[in-house]
Amino acid sequence: MTSATDLVRDEWLWGWDPTPGIVSVYASQDGRASVWRRLAETDALVREEERFRPWLLVAHLRDLALLGARLAPDDAPRHRNDPLVRHRELSGSGALRHFVSARDGRRLVAALLDGASRRLQTPLRHLSQLQRLEPGTVLALPPEEQYLVATGRTYFQDLAFDQVHRLQFDLETTGLDARRDRIFMVSIRYHTGETAVLEARDDGDAGEADLIRTLVARVGDADPDVIENHNLHGFDLPFLDRRARILGVPISLGRAGGPGLRMRAARHGVSESDRPDWSDPGSRQRRVRFVAPGRELIDTLDAVRRYDFSTRELPGHGLKAVAKHLGIARAGRVYIPGSEIYTTYRAEPDRVRRYATDDVEEVAALSRMLGGAAYALARMVPRRYERLADAGPATGVIDPLLVRAYLRAGAALPAHEQGDGTPHSGAALHLFASGAAHRVVKADVASLYPSLMRVYRIGPARDRLGVLLALVDRLVERRLLAKANARTAAPGSAEQHTEEATSAALKIVVNSAYGYMAAGGLTRFADVHAANEVTRRGREVLALMCRELAARGVTLIEADTDGVYFAVPENWTEADERRVVGEVAMLLPRLVQLEFEGRYAAMLSHEPKNYALLGYDGTLLLRGVAFRSSRAEPFGEAFLRRAIRRALLGDTAGVREIYLATIDALRNRTLPTHDVSSLVRLTKSPEAYQTARATRRELPYEALLAAGREQWESGDRIRVYRKRNGEAGLVSGLVAPGDDMGAAADPRDYDAEFYVRLLRTTYAERLARAFGPEDFATLFADADQYPLFAYPLESIHTVLAPTGASLTNWDESLEPAQGG
DNA sequence: TCAATCCGGGG
DNA sequence: GTGTACGGATTGA
């Protein structure tokens with residue numbers, strides 16, 4: 001049965017106006033809003049011009065009192081002369097308790113600033129000045145958000161992701177510097193799936209200007225709802241804007257507003273142009289993103305970051321790497337290193353045309369796969385779709401939901417408040433044992449913090465309507481529904497993508513509810529006490545899990561926040577492992593679900609958050625800074641992987657064999673130079689290094705100079721090594737990222753003894769915890785220093801040593817809860 | 001060696 | 001008018 005309370009809570013999550021198909025909103029302070037809707041049945045686009053009453057929340061009315069009779073209560077009888085400003089007092093104790101509105105928001109703000117200027121006896125021309133002088137006394141949203149909050153509308157209702165018209169375009173340029181380099185090609189992909197390649201007819205101003213004009217015309221003709229690209233806001237739009245300004249080409253990518261690209265302040269934006277900000281001289285460069293009224297500008301890089309935030313599986317965030325990883329790269333996809341694109345174009349234009357087309361097609365596929373998260377959020381949150389695409393979950397998603405809910409309830413909102421100085425306490429991290437463990441199990445609690453908030457009803461003290469907890473409850477339920485829907489939807493269908501994306505988006509929001517409370521004075525309802533109560537309960541639960549697992553005969557290894565690694569006795573089966581996890585799960589509070597996350601043949605526990613896991617299928621997983629570094633010499637990394645595997649398999653003789661073989665390979669120079677080299681990124685230009693060289697010499701640059709290479713760019717990556725004579729060596733010149741050159745002319749003149757020492761001191765050292773000190777010394781003794789009295793290697797076994805961390809000296813205790 | 005700081009991406 | 005990541009690599013003391 002659906003109660004009235006349930007309906008209210010649904011409004012908190014979804015808004016209350018069912019208007020379908022909104023694909024873009026553009027509003028201005030004068031109270032006019034343009035709403036573009038895509039009709040699902042006919043695919044037609046309609047534009048509706050609306051009027052709304054711009055509004056503000058203020059802490060007091062004294063600055064508006066000067067208006068006299070032109071300030072009137074909302075419920076005052078209407079006369080022919082509408083008062084300039086209407087006001088309504090909101091209920092409750094929040095500081096922002098006066099809702100004020102006017103036909104024209106500019107006059108509302110002007111009246112407020114006029115009053116404040118007189119009261120403070122200082123001229124104020126902008127709301128931000130008042131907000132700086134008196135923080136927390138005014139809440140002013142961008143016009144579109146005022147409109148969406150007031151109407152209860154949201155984007156994309158009853159419209160599937162694939163019904164939105166999306167266009168992708170990608171610039172190919174002669175370089176990365178828009179002051180100097182040019183656009184020579186643009187690839188476009190239309191909503192229909194058709195693609196086009198536009199090219200400059202010559203390499204002068206006229207050709208480039210024409211190319212820009214053609215791009216703008218094509219966008220206007222196709223009239224998409226959404227424009228997409230990878231790093232659109234970080235590269236393509238700023239580059240396009242700059243080139244158009246330099247060439248004097250007026251451009252507009254929107255459906256409304258005048259010529260030129262508009263900007264908005266944005267944290268993840270690019271620094272505004274290099275000219276000084278004359279409107280506010282003392283300020284540092286603000287960061288901006290471009291806006292095209294009537295269209296949503298979506299950067300797939302944002303979607304990738306959001307996705308990787310929860311999965312943490314992407315090798316990088318570049319388009320090519322992500323497309324490959326997600327399996328959407330075309331077979332035979334053309335790859336050209338960025339710095340070679342223009343030169344390749346001069347020699348093989350067709351290859352670059354194909355490359356640019358591959359780019360837009362990958363962006364379209366990527367957006368379809370990952371873009372649904374922001375799309376799903378836009379159906380709930382009263383903000384523009386493009387704002388939700390790059391919004392942080394706390395202030396970007398949760399806060400607007402809270403603001404809308406409070407206003408809907410007619411309740412006053414609290415202002416941001418600094419904490420009372422109570423420090424924030426974090427999660428528990430314990431290393432119980434280090435060394436080599438066998439039969440290892442990982443158990444963890446899914447979404448621990450939101451679950452604790454729900455179980456113990458921990459919400460911000462100032463959230464007297466209980467909106468945050470209600471939202472978390474609703475979002476968790478909605479997420480479970482989305483997951484179920486995704487399972488039953490046709491594989492690959494738009495519905496499945498959308499449901500999966502919804503689930504992913506909701507997970508992010510749910511998990512950030514805790515972060516919202518813990519965010520100091522940065523969020524409106526921040527509550528460090530509530531946040532600390534969540535982490536305290538979390539530490540309790542972790543302690544309980546550890547104690548109860550240990551009581552069932554396992555050996556604890558490491559516990560971190562919401563999960564624990566432990567080893568089980570030799571005779572246990574997987575069923576036994578699952579049984580103890582299940583038993584302990586029953587002891588935890590309702591909604592706190594302990595899950596069997598994985599099982600491993602063995603684990604090398606090195607330091608907290610630094611370990612190696614050997615799967616039953618033979619895969620070796622290395623975690624933590626001690627085990628992975630991009631600068632690590634390939635021979636050392638290879639040694640480490642092989643030696644850890646042998647050690648975890650109990651093959652001690654094999655460990656020594658690998659060690660000795662590696663030393664031999666170094667001394668006999670059977671290892672290519674590449675394997676002893678280190679990959680470094682250059683940060684100094686040739687000029688900068690020449691000036692710094694007098695005071696301090698650096699190996700990478702010396703390697704370049706010694707190799708006769710005088711030209712390089714900051715950001716280039718090279719492989720360097722140490723030569724026999726102590727000089728710096730360079731491996732096969734400049735290396736593009738992710739690209740290891742083959743062994744062309746390999747002199748193999750590296751300092752073998754230096755690398756033998758490195759093997760012992762930095763690489764073998766990572767295995768020290770797995771053996772007793774004497775055994776370790778024996779195992780990694782040099783061949784000629786091998787002790788005569790040495791015992792057989794077969795008698796050396798790996799060890800797992802307790803670190804001394806124990807459950808009894810934990811300051812928290814929790815009795816097992818009843819039921820599960 | 002450790003702790004602040006920067007970076008991620010685009011041609 | 002923004003938005004509080006995070007883990008690795010680099011830089012500075």
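Quick note on labels: first sequence line is chain A, next is B, and so on, each numbered from 1.
Distance, Arg524(A) CZ to dT4(C) C1': 15 Å, rounded to whole Å. We find that CG of Asp236(A) is positioned 15 Å from P of dG9(B), with the value rounded to whole Å. One atom, CG of Leu127(A), and another, C1' of dT2(C), lie 15 Å apart when rounded to the nearest Å. With rounding to whole Å, Arg182(A) atom CZ is found 15 Å from dG11(B) atom C1'. Whole-Å rounding puts the Glu144(A) CD to dT2(C) C1' distance at 16 Å. Going from atom CE of Met185(A) over to atom P of dG10(B) covers 18 Å, rounded to whole Å. Rounding to whole angstrom units, CG of residue Leu370(A) and P of dG9(B) are separated by 15 Å. Going from atom CG of Asp177(A) over to atom P of dG10(B) covers 18 Å, rounded to whole Å.
Side-chain N/O atoms of Arg180(A) include none lying less than 4.0 angstrom from OP1 or OP2 on dG11(B). Contact between the side-chain N/O atoms of Thr395(A) and the OP1/OP2 oxygens of dT4(C) is found at a separation under 4.0 Å.
Residue Ser339(A) is classed as a base contact, given a heavy-atom separation below 4.0 Å to a base. Heavy atoms of Leu171(A) sit under 4.0 angstrom from primed sugar atoms or phosphate atoms, though from no base atom. Using a 4.0 Å heavy-atom criterion, one finds that Asp299(A) contacts no nucleic acid atom at all. Among the protein residues, Leu319(A) comes within range of the sugar-phosphate backbone only, with heavy atoms under 4.0 Å from sugar or phosphate atoms but none that close to a base. Counting non-hydrogen atoms under 4.0 angstrom, Asp359(A) reaches the backbone sugars and phosphates but no base. Counting any heavy atom pair closer than 4.0 Å across all strands shown, Ile341(A) reaches sugar-phosphate atoms only and no base atom.
When the options Arg353(A), Arg351(A), Glu199(A) are evaluated for a side-chain hydrogen bond (donor to acceptor under 3.5 Å, both in side chains) with Tyr345(A), the one that passes is Glu199(A).
Residues passing the salt bridge (Lys or Arg N to Asp or Glu O under 4.0 Å) test with Asp527(A): none are found, sequence neighbours excluded.
For the C1' atoms, the distance linking dA5(C) with dG8(B) amounts to 12 Å, nearest Å. The same atom, P, is picked in dG8(C) and in dG9(B); the two are 15 Å apart, to the nearest Å.
The side chain of Arg387(A) lies closest to dT2(C), out of dG1(C), dG9(B), dT2(C). Closest to the side chain of Asp390(A), out of dG3(C), dT2(C), dG9(B), is dG3(C).
Interatomic distance, Leu139(A) CG to His416(A) NE2, rounded to the nearest 0.5 Å: 9.0 Å.
Heavy-atom neighbours of Lys320(A) NZ from other residues, nucleotides or ligands within 6.0 Å: above the threshold of 12.
A donor-acceptor contact under 3.5 angstrom links the side-chain atoms of Arg132(A) to the base of dG1(C).
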inquiry  = Set out, in order, the CA-CA distance, both residues' side-chain angles and the distance that settles salt bridge (Lys or Arg N to Asp or Glu O under 4.0 Å) for Arg354(A) and Glu361(A), then state yes or no.
reply    = CA-CA 10 Å; Arg354(A) 185 65 244 183; Glu361(A) 292 193 319; 3.6 Å; yes
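A donor-acceptor contact shorter than 3.5 Å is absent between the side chain of Gln29(A) and the backbone of Arg106(A).
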